[in-house]
Every structure is written in C-alpha cells, then in structure tokens.
Asks: 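This is the structure I have questions about; it appears just below.
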Amino acid sequence: MHVSVALLSKPVLHGYFRSSCSWRVRIAFALKGIEYDQVAVNLVKDGGQQKLTEEYKKLNPMLQVPAVEMDGITLSQSLAVIQYIDETRPGPRLLPADPKQRAQVRMISDIIASGIQPLQNLYVIQKVGAEKMQWAQHFIDRGFKALEPILKETAGKYCVGDEISMADICLVPQVYNAERFKVDLGQYPTIHRLNQNLLEIEAFTVTNPSGQPDTPVELRA
C-alpha cells in the first residue's frame, strides 16, 4: 500500500510562544498525543518576523500565527487546524458526537476566537497605543460577561459537559490573556472554576507560554 510521505512527516507549527491561537493548536496536538516540530515566529522582533519574508506570507497570507504544515497542506486558522486534527487523528474527541453539544462547543469557541481575542491581540493593541490596558480589559470583560451565563448552562467539569473539547482549548489561553491584562476574574466564577479544572491537565500545562522553545528566559517558569 502506498503511503504519502506527507502523511508520515511530523506536523510543523509556525507560532509564537504567547500567541493564544498558537497555544490552542499546541493543546490540541498534546491532547491527541501528536508529535510535532515548532518554528518560532517572533511577532515583536524587528517589527514582526511574520512580515519579513515572502515565504511566510505564502504560509499565512494574513501574516499571523499559527501556520501549520500537515499532511501536505497548510492551514492558518486555529479552529480549522483543531477540527482537522480531530477529524484525521485518533484519540479523545475534541468535538462531541452529540450534535447539540457540538453546536455549543462551536458557539463557545467562536465567542472567544471571533468575539474576544481578535479585539485584544497584539496587532490591535499596538494600534491602540497608550490605552492598550483599558482597551483590552474592556473587550475581555465584554466577552466574559456574555460567556459566563452561557457556561453556567453548558458546563459540567469542563465547558460543555464532562469531556474536554475545543471550547476548553479556547478558554484557557483567553483566561491567560485576561490575567495578563489584569481583568478581575472574581466576576466570572464559572470561567474561573473551569480554568482551574483544565490547568490540572498535562496537555494544558506543558503547552503553556512559559515553557516553549521560544519563550524568553525572563518569562520562563
């Protein structure tokens, strides 16, 4: 039987240690037990290394991270990557079999990945300038105020029931960002509880920004 060389190669994640979107992909790989290589793309150095080469522009035309080379294709949106991993690799499901729960997972993931994180990501914050802290706090609070009552309805031990899903993969990096921008998480007891549960799981801790190959020495834990 012929097996494509691309299918035998390890995936390559082009990412940045503190990028929420890169962290989501690292968590998904870890939950599935997939080995992968990392190529660091420093979003700050030299004005952003993602902007410097035509080669990277081909990998991710939006000049963002992540870009994932896998199975002979390149994907550049974290939720698309996570769903592709889930659909092509064995291991724990990242989207539930039940269609209602699957829709809830996608809803929560989209609230975070489309409604919160893009408004406080590095590119936007750089444009905002001196008011970046207040800006980020405002949009994270705005999103968490919507997310908290939803999670009260859907959560068990994790975001949707008692199985880890793509929603949890999105939640933990967003709570990390909230803490960076000094958002008061006491207002969001469900979000806080779920995050604490998830931080007990190895796939979420080994992928933390504090321990990646490109993490600066002063930020290592």
Side-chain angles (χ1 to χ4, degrees), residues 4 6-41 43 48-51 55-124 143 147 150 154 158-160 163-177 198 203-204 207 209 212:
S4 168
L7 294 175
L8 296 175
S9 302
K10 283 198 292 186
V12 178
L13 167 61
H14 301 258
Y16 182 57
F17 78 103
R18 203 154 58 182
S19 155
S20 299
C21 303
S22 301
W23 189 2
R24 293 172 198 155
V25 175
R26 295 196 300 263
I27 295 168
F29 279 143
L31 287 169
K32 290 284 192 175
I34 298 170
E35 293 186 0
Y36 61 100
D37 291 325
Q38 293 198 60
V39 177
V41 181
L43 301 183
Q49 292 179 339
Q50 76 279 14
K51 304 173 186 176
E55 181 181 1
Y56 192 77
K57 187 174 182 179
K58 290 177 183 176
L59 290 173
N60 190 331
M62 285 290 287
L63 303 180
Q64 298 172 336
V65 292
V68 175
E69 297 178 272
M70 186 174 183
D71 299 346
I73 63 172
T74 303
L75 297 170
S76 62
Q77 293 295 319
S78 63
L79 299 193
V81 175
I82 292 165
Q83 291 178 78
Y84 179 77
I85 291 168
D86 198 37
E87 291 166 1
T88 61
R89 297 302 191 271
R93 295 184 65 105
L94 304 180
L95 284 99
D98 177 78
K100 292 180 181 178
Q101 288 191 321
R102 192 160 62 245
Q104 290 173 326
V105 165
R106 287 176 169 145
M107 172 180 66
I108 293 163
S109 300
D110 279 339
I111 288 171
I112 295 169
S114 298
I116 305 176
Q117 188 272 334
L119 293 165
Q120 51 88 126
N121 72 7
L122 179 62
Y123 181 83
V124 172
L147 196 58
I150 291 170
T154 64
Y158 305 119
C159 284
V160 178
E163 300 295 330
I164 294 171
S165 71
M166 182 168 69
D168 302 291
I169 291 173
C170 291
L171 182 69
V172 168
Q174 189 56 58
V175 173
Y176 173 90
N177 283 341
L198 290 161
F204 290 83
T207 56
Q212 299 312 301

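What you see below is based on every heavy atom in this structure, not just the backbone, and it leaves out hydrogens, waters and symmetry mates.
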Asks: How would you list, by chain and number, every residue that makes a side-chain contact (heavy atoms from CB on, under 4.5 Å) with Pro11, sequence neighbours excluded?
Replies: Phe29, Ile34, Tyr36, Met70
Asks: Report yes if the side chains of His14 and Gln50 come closer than 4.5 Å at any heavy-atom pair, otherwise no.
Replies: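 Sidechains of Gln50 and His14: no contact.
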Asks: Roughly how far, to the nearest 0.5 Å, is CD of Gln212 from CG of Leu13?
Replies: 9.0 Å
Asks: What are the two closest non-hydrogen atoms of Ala80 and Leu75, and how far apart are they?
Replies: O-CD1, 4.4 Å
Asks: Would you say the side chain of Thr154 lies within less than 4.5 Å of the side chain of Ile108, judging by non-hydrogen atoms?
Replies: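 Side chain of Ile108 against side chain of Thr154, heavy atoms only: contact under 4.5 Å found.
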Asks: Side chains of Ser78 and Arg24: is there a donor and an acceptor less than 3.5 Å apart?
Replies: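 The criterion, which ignores hydrogens and geometry beyond distance, is satisfied for Arg24 and Ser78.
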Asks: Name each donor-acceptor pair under 3.5 Å that joins a side chain in residues 168-177 to protein atoms two or more places apart or in another chain, with its distance.
Replies:
unit_1: Asp168; atom_1: OD1; unit_2: Cys159; atom_2: N; d: 2.8
unit_1: Asp168; atom_1: OD2; unit_2: Ser165; atom_2: N; d: 2.8
unit_1: Asp168; atom_1: OD2; unit_2: Ser165; atom_2: OG; d: 3.4
unit_1: Gln174; atom_1: NE2; unit_2: Gln120; atom_2: OE1; d: 3.0
unit_1: Asn177; atom_1: ND2; unit_2: Ser20; atom_2: OG; d: 2.7
unit_1: Asn177; atom_1: ND2; unit_2: Gln120; atom_2: OE1; d: 3.3

Asks: Could you work out, with side-chain contact (heavy atoms from CB on, under 4.5 Å) as the rule, every residue matching Leu122, not counting sequence neighbours?
Replies: Leu43, Val44, Gln126
Asks: Within the supplied structure, the quantity of interest is the number of heavy atoms (other residues, nucleotides, ligands) at a distance under 6.0 Å from Gln101 CD; does it exceed 12?
Replies: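 Count over threshold, so yes.
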Asks: Does any non-hydrogen side-chain atom of Glu163 lie less than 4.5 Å from one of Arg93?
Replies: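 Side-chain contact under 4.5 Å: no.
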Asks: Test your reading of the model: is there a side-chain donor-acceptor pair from Ser19 to the backbone of Gly15, 3.5 Å cut-off?
Replies: no
Asks: Please name the pair of heavy atoms, one in Met166 and one in Arg106, separated by the smallest distance, quoted to 0.1 Å.
Replies: CE-CG, 4.2 Å
Asks: Please report, to 0.1 Å, the donor-acceptor pairs under 3.5 Å made by any side chain of residues 57-68, with sequence neighbours excluded.
Replies:
unit_1: Asn60; atom_1: OD1; unit_2: Met62; atom_2: N; d: 3.0
unit_1: Asn60; atom_1: ND2; unit_2: Gln64; atom_2: O; d: 2.8
unit_1: Asn60; atom_1: ND2; unit_2: Pro66; atom_2: O; d: 3.1

Asks: Tell me, please, which residues at least two apart from Val124 pass side-chain contact (heavy atoms from CB on, under 4.5 Å).
Replies: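 Asn121, Val128, Trp135.
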Asks: Is there a donor-acceptor pair under 3.5 Å between the side chain of Trp23 and the backbone N or O of Arg18?
Replies: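 Checked: no pair found.
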Asks: Do Arg102 and Met107 have side chains that approach each other closer than 4.5 Å (heavy atoms only, starting at C-beta)?
Replies: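 No, their side chains stay 4.5 Å or more apart.
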Asks: For Gln77, does the CD atom sit with more than 12 other heavy atoms under 6.0 Å from it, leaving out its own atoms?
Replies: no
Asks: For Tyr56, give me all partners under ring-ring contact (aromatic ring centres under 6.0 Å, His included), at least two apart in sequence or on another chain.
Replies: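 Checked Tyr56 against ring-ring contact (aromatic ring centres under 6.0 Å, His included); zero matches.
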Asks: Look at Arg89 together with Asp71 and state whether they make a salt bridge at an N to O cut-off of under 4.0 Å.
Replies: yes
Asks: For Cys21 and Gln117, which heavy atoms make the closest approach, and how far apart are they?
Replies: SG-OE1, 3.8 Å
Asks: Nearest 0.5 angstrom please: Ile116 CD1 to Leu147 CG, how far?
Replies: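 It is 5.5 Å, given to the nearest 0.5 Å.
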Asks: Any donor and acceptor pair, going by atom type alone, linking the side chain of Asp86 with main-chain N or O of Leu94 inside 3.5 Å?
Replies: yes
